[in-house]
Amino acid sequence: MTETHWTGSSAPYLESGQGDVWGKEAAAQGRTGTQRILRAEQASAPQEVAAHLGLTPGTPVILRQRLISLDSRPIELANSYWPASFAAQTALAQKGRIRGGAVSLLASLGYKPESVQEYVTTRPPTREEAEALQLADNHEWILCLTRVISSGGHPYEVSVMVSPGRIGRLHYSMKAH
């Protein structure tokens, strides 16, 4: 993602049984893609997340935060949220890796993506984001992608992914079924 010619596809990130999609995508381009789970815990739903999930702000959610790196350089801080009502007793709430990935776990619980909405914005980073992404200063803006995944007309996951603005361009490719 830090290269101007990097092109990836969002679709594999939404399909169960794919395992470490980021690692595979980076390897296909001769690079090393890793992710580290920084935390997995119950939290209060931030206002934007609550609105997307149809919850009252402050409602318990499971937050899973990951730092995504390319060739050992942080390029994305990803926060994923699920209602605690179904996610609290699952591996989503545990800091370790999830066998088969979160998408496979969710599919086994009956949550399969039927619709996806993505919102892309830019903004200054928070202090936590600037530190995690190793930004030179707080004047470097970030790209913020918010993804809302629904099944049966009900949103069940919100992911907020931030990357350094120097990436400059996002390109998404997805097949419609």
(message) Pairing donors with acceptors under 3.5 angstrom, does anything connect the side chains of Arg66 and Ser80?
(response) yes
(request) Name all residues meeting the side-chain hydrogen bond (donor to acceptor under 3.5 Å, both in side chains) criterion together with Glu41; count only those two or more places apart in sequence or in a different chain, and write none if there are none. (result) Arg39
(request) Taking side-chain hydrogen bond (donor to acceptor under 3.5 Å, both in side chains) as the test, write out the residues that go with Thr146, two or more places apart. (result) none
(message) Going by side chain to side chain contact (heavy atoms under 4.5 Å, CB included), name the residues that satisfy it together with Thr59, two or more places apart in sequence or in a different chain.
(response) Leu55, Thr56
(message) Under the rule for side-chain hydrogen bond (donor to acceptor under 3.5 Å, both in side chains), what residues qualify as partners of Glu48, not counting sequence neighbours?
(response) none
(request) Compute the ring centroids of Tyr119 and His52, then answer whether they are less than 6.0 Å apart. (result) yes
(message) Check whether Arg64 reaches the backbone of Leu92 with its side chain - one donor and one acceptor, N or O, closer than 3.5 Å.
(response) yes
(request) Could you grab the distance from atom CD1 of Ile149 to atom CD of Glu118, nearest 0.5 Å is fine? (result) 8.5 Å
(request) Could you tell me which residues satisfy side-chain hydrogen bond (donor to acceptor under 3.5 Å, both in side chains) with Glu131, sequence neighbours excluded, listed by chain and number? (result) none
(message) A side-chain contact here means heavy atoms from C-beta on lying under 4.5 Å apart; do Val61 and Gln42 qualify?
(response) no
(request) Please list, chain by chain and in numerical order, all residues satisfying side chain to side chain contact (heavy atoms under 4.5 Å, CB included) with Ser151, sequence neighbours excluded. (result) Glu114, Tyr156
(request) Rounded to the nearest 0.5 Å, what's the gap from CG on Leu133 to CG on Leu77? Could you check? (result) 6.0 Å
(request) Hey, could you give me the CG/OH distance between Leu63 and Tyr81, rounded to the nearest 0.5 Å? (result) 5.0 Å
(request) Show your working on side-chain contact (heavy atoms from CB on, under 4.5 Å) between Arg147 and Val116 and close with a plain yes or no. (result) CA-CA 7 Å; Arg147 178 181 292 151; Val116 177; 3.7 Å; yes
(request) Measure the CD1-CD distance between Ile37 and Gln94 for me, rounded to the nearest 0.5 Å. (result) 10.5 Å
(request) To the nearest 0.5 Å, tell me how far Arg123 CZ sits from Cys144 SG. (result) 4.5 Å
(message) Could you report the tightest heavy-atom contact between Ala136 and Glu140, atom names first, then the distance?
(response) N-OE1, 4.1 Å
(request) Return the minimal non-hydrogen interatomic distance between Ala87 and Ala93, and the atom names on each side. (result) O-CB, 4.0 Å
(message) Under a 3.5 Å cutoff, is there a donor and acceptor pairing between the side chains of Ser159 and Glu157?
(response) yes
(request) Of all the heavy-atom pairs spanning Gly153 and Pro155, show the shortest one and how long it is. (result) O-CD, 3.9 Å
(message) Could you measure the distance from the CD atom of Gln29 to the CG atom of Leu70? Nearest 0.5 Å is fine.
(response) 9.0 Å
(request) Please confirm whether the backbone N or O of Gln65 pairs with a side-chain atom of Asn79, one donor and one acceptor, at under 3.5 Å? (result) no
(message) Using side-chain heavy atoms (C-beta onward) and a distance below 4.5 Å, is Arg36 in contact with Ser69?
(response) no
(request) Taking Thr126 for its side chain and Glu129 for its backbone only, find out whether a donor-acceptor pair lies under 3.5 Å. (result) yes
(message) As a quick check of understanding, evaluate side-chain contact (heavy atoms from CB on, under 4.5 Å) for Leu106 and Trp82, giving each step before the final call.
(response) CA-CA 10 Å; Leu106 289 161; Trp82 302 272; 3.5 Å; yes
(request) Would you indicate whether the side-chain heavy atoms of Ile68 and Pro74 approach each other to under 4.5 Å? (result) no
(message) I want to check something: taking the side chain as every heavy atom from C-beta on, are Ile142 and Leu135 in contact at a cut-off of under 4.5 Å?
(response) yes
